[in-house]
Structure formats: C-alpha cells, structure tokens
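Working notes, beginning with the structure itself.
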There are 2 protein chains.
Amino acid sequence: MAVSPTLEQQLCFALYSASRAMTARYRPLLDELGLTYPQYLVLLALYERDGRTVKELGEELRLDSGTLSPLLKRMAAAGLLRRTRSADDERSVVVELTDEGAALRGRVAEVPGGLFRDTDVTVAEIADLRARLQDFLARI
Amino acid sequence: MAVSPTLEQQLCFALYSASRAMTARYRPLLDELGLTYPQYLVLLALYERDGRTVKELGEELRLDSGTLSPLLKRMAAAGLLRRTRSADDERSVVVELTDEGAALRGRVAEVPGGLFRDTDVTVAEIADLRARLQDFLARI
DNA sequence: TGCAATTAAGTTGTGCACAACTCGAAGTGG
DNA sequence: CCACTTCGAGTTGTGCACAACTTAATTGCA
C-alpha cells in the first residue's frame, strides 16, 4: 500500500506554486499596462505573428475557445485588438492588433527585464530551468 | 530598447503551461475521487497534520482565505472535513478530517503512482526538477 | 484600563480554466 | 446533391485565484 505523499515531495505542487509565484511577480508590472497575465501572453503571441485565428492562438497558448473567446472580447473592448470573421472560412475568426495594441509593444518588451533584478537568480539558471520544463512538458 | 520576448523564451510561460499540463494529467484520476486539484492538496496537507487552522493551511498551500474559505466549505459540504471555531482564539477556524475524509487516504495515496507510467520520465528526473523549482521559488 | 491597531476568516467582484454544450460553416461519402 | 460528420467559435456553469473589503476577536500600548 502506498504511503501518503507529502506536499513537499510533489513535483505537481512545486510547479503549481512556482507558476503562481511567477505570475504574482509579473502582476504589478502588468497592472501598469492594464493587462492580465494571459492577456500579456496573447500580445506576445501576436507580436510574434499578427493576424492569427483563435484556433492558432489557442494551439500556441494551449487554451481552448472557452477561455480565449471572452478573454479576446475583453481585449477588443479595451481597444488592443480586432476580431473579424475570416473571408475564406466563415468558421474562423482572425485576431489582429490595433494601432493601440501595437503601440504597447515597447512597454510590454520591458516587462521581463526587471523581474529578477534584486535576486541572485542568473540568466543562465532561468534558461536552464525553462529548457528542462519544456523537455519535461514535451514528454508527458 | 528591449526586443520583444517570444513565448518560447519565457520561463514564466513554461511554468504556466507545465503546471496546467500536470493538473490536466491528475484530473481524470481526481475526478474518480470527486476531488479538484486544490482540494486534493488540502487533503494531502491534512494527512500530514490534521486539525490545522485555515491560516496554517493557507501558509502551506500559499492560498489566502478568499480562495480557501469557499473551497473548504465545499469540502465540508462533501463530508470530507469539519470546520470549527477555535476555543482559545475565536478568530480562528480549525479544519479536521471526518472519518469519510480520512478513509480516502489510501485512494489519494495511489494517485501520483500511475501518472508517468507510460512515459519515459524517470523518478530521478522528477525529483531533480522539483528540487530546482523549490530552490528557484525560495530565491524569488 | 481603554481604545486604536492588528489579525483571522469570510464576502464580493473580476478574470481565468475547463467541461459540456450550441450553432453555423465546411468537408465527405454515397 | 444531400445527409452526415467534422470543425471553429462562442455560451453556460463550476471552481479556483486574488484584490478589496467587512466583521468580529485579540493584542498592544499610552
């Protein structure tokens, strides 16, 4: 019979609390831009490639339409992006940055910079941890 | 001027998506027990030490009363635990397992076992990643 | 001792996540 | 050509997270 696992031993809890701690670090910076963390991710995705469909965004961010539809609606209401039905496939909705959304690019790019300034966390450590997580994610 | 970071490069996004992927793996197993992931964490915490206050649970799980109060209420409604005002400090609420909650211990302990059975992820790799995350978390 | 400050839990409101579902559009085989 | 299936987006309902606030109990100090 299995012994009760402790919270301490659980990778899942470590991921869960580290993820929340990270987004908590981002929050004050994103508040200044009027963004939530998932909204920030949507902007990053659109800065990489603008004019993608909801489905394509969902694949990159691993979010379904139940999450993305209302989120994109809020961002459209905030004037950051535009949603238009695709002409060649009326099922799809194309998401494009507005001028206002594009104008945020510089300020958004500044966000990750100051996150670890007052810690002893190194760039190499961050890159290594990220690589390990991506490798792990790809294998489960 | 900072270049726009890509999603790919972001540790935060790696944490965020890995965390969601892990809880998605737990979900079908927890569904069988009628538990959500945070509820499962509360049970683990109580199996470690029963009869703790809401505040103490919140410190271990890093959750505030705004999250825990309704969550514990649902678990109490499900018959898994009991909430009672502390006698020596009427501000505190002590959370204790019911017989039904304690009886789940065996089945809860079985949950992490099968998670990586059909992958090539090793126990050592899991332990190493967890240790790195905990170290990282402690330093930010 | 009295009372202002602090503390613990709970409430309210917003925004994700995600399951389950609806709806209309697009592919598909007979 | 048409029923049938699949597909993309959106809606509904539940349960976290978390900020901001309320309430009641306790603490601390002038």
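This is a predicted model, so every value here is computed, not measured. Here is how names work: the chains are called A, B, and so on, in the same order as the sequence lines, proteins then strands, and each is numbered from 1.
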Requested in this report: Within residues 62-79 of chain A, find the residues that approach DNA chain D with a heavy atom at under 4.0 Å, and present them sorted by residue number.
Outcome: A:Ser65, A:Gly66, A:Ser69, A:Lys73
Requested in this report: Would you jot down, in residue-number order, the residues of residues 29-44 of chain B having a non-hydrogen atom under 4.0 Å from DNA chain D?
Outcome: B:Thr36, B:Pro38, B:Gln39
Send over the distance from [X] [atom1] to [N] [atom2], rounded to a whole Å.
| X | N | atom1 | atom2 | value |
| --- | --- | --- | --- | --- |
| B:Arg20 | C:dC18 | CZ | C1' | 10 Å |
| A:Arg91 | C:dA25 | CZ | C1' | 6 Å |
| B:Leu57 | C:dA9 | CG | C1' | 13 Å |
| A:Glu90 | D:dT6 | CD | P | 23 Å |
| B:Glu59 | C:dA8 | CD | C1' | 11 Å |
| B:Glu56 | C:dA8 | CD | P | 10 Å |
| B:Arg25 | C:dC18 | CZ | C1' | 18 Å |

Mark yes or no for whether [X], through its side chain, and [Y], through its backbone, hold a donor-acceptor pair below 3.5 Å.
| X | Y | result |
| --- | --- | --- |
| B:Tyr26 | A:Cys12 | no |
| B:Thr67 | B:Leu63 | no |
| A:Arg20 | B:Arg62 | yes |
| B:Ser65 | B:Leu68 | no |

**Report entry** Which residues share a salt bridge (Lys or Arg N to Asp or Glu O under 4.0 Å) with A:Arg132, sequence neighbours left out
**Finding:** A:Asp128, B:Asp128
Report task. Identify whether any heavy atom of A:Thr53 sits under 4.0 Å from a base atom; if not, whether one sits that close to sugar-phosphate; answer base, sugar-phosphate or nothing. Result -> sugar-phosphate
Requested in this report: Can you establish whether the number of heavy atoms outside B:Asp120 located under 6.0 Å from its atom CG is more than 12?
Outcome: yes
Query - Phosphate OP1/OP2 of C:dA19 contacted by B:Arg27 side-chain N/O (<4.0 Å) - result: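 The answer is yes; a side-chain N or O of B:Arg27 sits under 4.0 Å from OP1 or OP2.
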Query raised in the report: Does the side chain of A:Leu72 reach to within under 4.5 Å of the side chain of A:Val42, using non-hydrogen atoms?
Result: yes
Query raised in the report: Is there side-chain contact between B:Glu96 and B:Arg52, with heavy atoms separated by less than 4.5 Å?
Result: no
Query raised in the report: Between C:dA9, C:dC18, D:dG10, which one does the side chain of A:Arg85 approach most closely?
Result: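 Side chain of A:Arg85 sits closest to D:dG10.
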Report summary line: Testing D:dG8, D:dA25, D:dA9 for proximity to the side chain of B:Asp89, the answer is D:dA25
Query raised in the report: Which residue lies toward the 5' end of DNA chain D, B:Asp88 or A:Val94, if each is placed at its nearest nucleotide?
Result: A:Val94
Query - Lys/Arg N to Asp/Glu carboxylate O, A:Glu125 vs B:Arg139, below 4.0 Å - result: yes
